[in-house]
Amino acid sequence: QVHLVESGGGSVATGGSLRLSCAASGFSYYIYYMAWIRETPDKGREVVASISHDSRRTLYADSVKGRLTISRDNDENTLTLQMNSLKEEDTGMYYCARASGNLFILRPLETDEYGHWGQGTRVTVVS
């Protein structure tokens, strides 16, 4: 059974940093694309960052490029999102997500590529 558990959310001032983590279990982590998906009242759900099974390919939403960095550790079955220079519009619920198919996927920045999600962790950026 796929199990994804996020941690690291919280409240931070504009310009600050947070580091989100996701612990994965119940599947062969090293063969799946992973992503961080953000949900906000304004934009709904969007993939903010994705990473291929072997970390060779990372993709970011335009709104977070240069500020957020996704990484993974296939030995520890963990996924990380380093968030720097945070803005108020980064406020939202952040979900760790696993792709439905293994190895390669066609649209790494599309939410419907990811069939398994964690429970989420909330990030609040205040001015």
Practice prompt. Test side chain to side chain donor-acceptor pair (under 3.5 Å) on Asp42 and Thr40 and set out the steps.
Written response: CA-CA 5 Å; Asp42 292 341; Thr40 64; 5.8 Å; no

Do the side chains of [X] and [Y] join up, straight or via other hydrophobic residues, at under 4.5 Å, putting them in one cluster?
X: Ile31; Y: Tyr29; answer: yes
X: Val2; Y: Ile51; answer: yes
X: Leu59; Y: Val64; answer: no

Discussion item. Once side-chain hydrogen bond (donor to acceptor under 3.5 Å, both in side chains) is applied, do any residues pair with Asn74, and if so which ones, sequence neighbours excluded?
Written reply: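 With sequence neighbours excluded, Asn74 shows a side-chain hydrogen bond (donor to acceptor under 3.5 Å, both in side chains) to Arg72, given in chain and number order.
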
Item to complete: Begin from the C-alpha positions of Val48 and Asp90 and carry the test side chain to side chain contact (heavy atoms under 4.5 Å, CB included) through to its verdict.
Response: CA-CA 10 Å; Val48 294; Asp90 293 316; over 6 Å; no

Straight-line distance of [X] [atom1] to [Y] [atom2], nearest 0.5 Å:
X: His3; Y: Asn77; atom1: NE2; atom2: CG; answer: 13.0 Å
X: Ile37; Y: Cys96; atom1: CD1; atom2: SG; answer: 9.0 Å
X: Leu4; Y: Thr78; atom1: CG; atom2: OG1; answer: 12.0 Å

Discussion item. Other residues, nucleotides and ligands only: do more than 12 of their heavy atoms fall within 6.0 Å of CD on Gln119?
Written reply: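 It does: Gln119 CD has more than 12 such atoms within range.
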
Measure across [X] and [Y] and return the closest heavy-atom pair with its distance rounded to 0.1 Å.
X: Met34; Y: Ile70; result: O-CD1, 4.2 Å
X: Trp117; Y: Thr111; result: CZ2-O, 4.3 Å
X: Ser50; Y: Tyr33; result: OG-CE2, 4.2 Å
X: Val47; Y: Ala61; result: O-CB, 3.6 Å
X: Ser127; Y: Thr14; result: CA-OG1, 3.4 Å
X: Met93; Y: Gly120; result: CE-C, 3.7 Å

Item to complete: Would you check if the distance from the ring center of His53 to the ring center of Phe104 is below 6.0 Å?
Response: yes

Practice prompt. Please confirm whether Arg98 makes a cation-pi placement over Tyr114, using NZ or CZ under 6.0 Å from the six-membered ring centre and within 45° of the ring normal.
Written response: no

Discussion item. Evaluate Tyr95 against Trp36 for side chain to side chain contact (heavy atoms under 4.5 Å, CB included), listing each step before the verdict.
Written reply: CA-CA 6 Å; Tyr95 298 93; Trp36 286 98; 6.0 Å; no

Worksheet entry | Ser11 backbone acceptor or donor facing Thr124 side chain under 3.5 Å | no

Worksheet item: Do Glu89 and Lys43 come close enough that some side-chain heavy atom pair is under 4.5 Å?
Response: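 No, too far: nothing below the 4.5 Å cut-off.
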
Practice prompt. Using only heavy-atom distances, determine whether the side chains of Glu6 and Tyr94 contain a donor-acceptor pair under 3.5 Å.
Written response: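 No donor-acceptor contact under 3.5 Å links the two side chains.
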
Practice prompt. Indicate yes or no: does Asp62 engage Lys65 in a salt bridge with an N to O separation below 4.0 Å.
Written response: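 Answer for the salt bridge query: yes.
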
Fill in: side chain to side chain contact (heavy atoms under 4.5 Å, CB included) between Ile105 and Glu110, intermediate numbers included
CA-CA 10 Å; Ile105 61 175; Glu110 296 294 329; over 6 Å; no

Item to complete: Sequence neighbours left out, what passes ring pair (Phe, Tyr, Trp, His ring centres under 6.0 Å) with Tyr30? Give chain and number order.
Response: none

Could you give the side-chain donor-acceptor pairs of residues 79-86 under 3.5 Å, partners two or more places apart or in another chain?
{"unit_1": "Gln82", "atom_1": "OE1", "unit_2": "Arg19", "atom_2": "NH1", "d": "2.9"}
{"unit_1": "Gln82", "atom_1": "NE2", "unit_2": "Asn84", "atom_2": "OD1", "d": "2.9"}
{"unit_1": "Asn84", "atom_1": "OD1", "unit_2": "Ser17", "atom_2": "OG", "d": "3.0"}

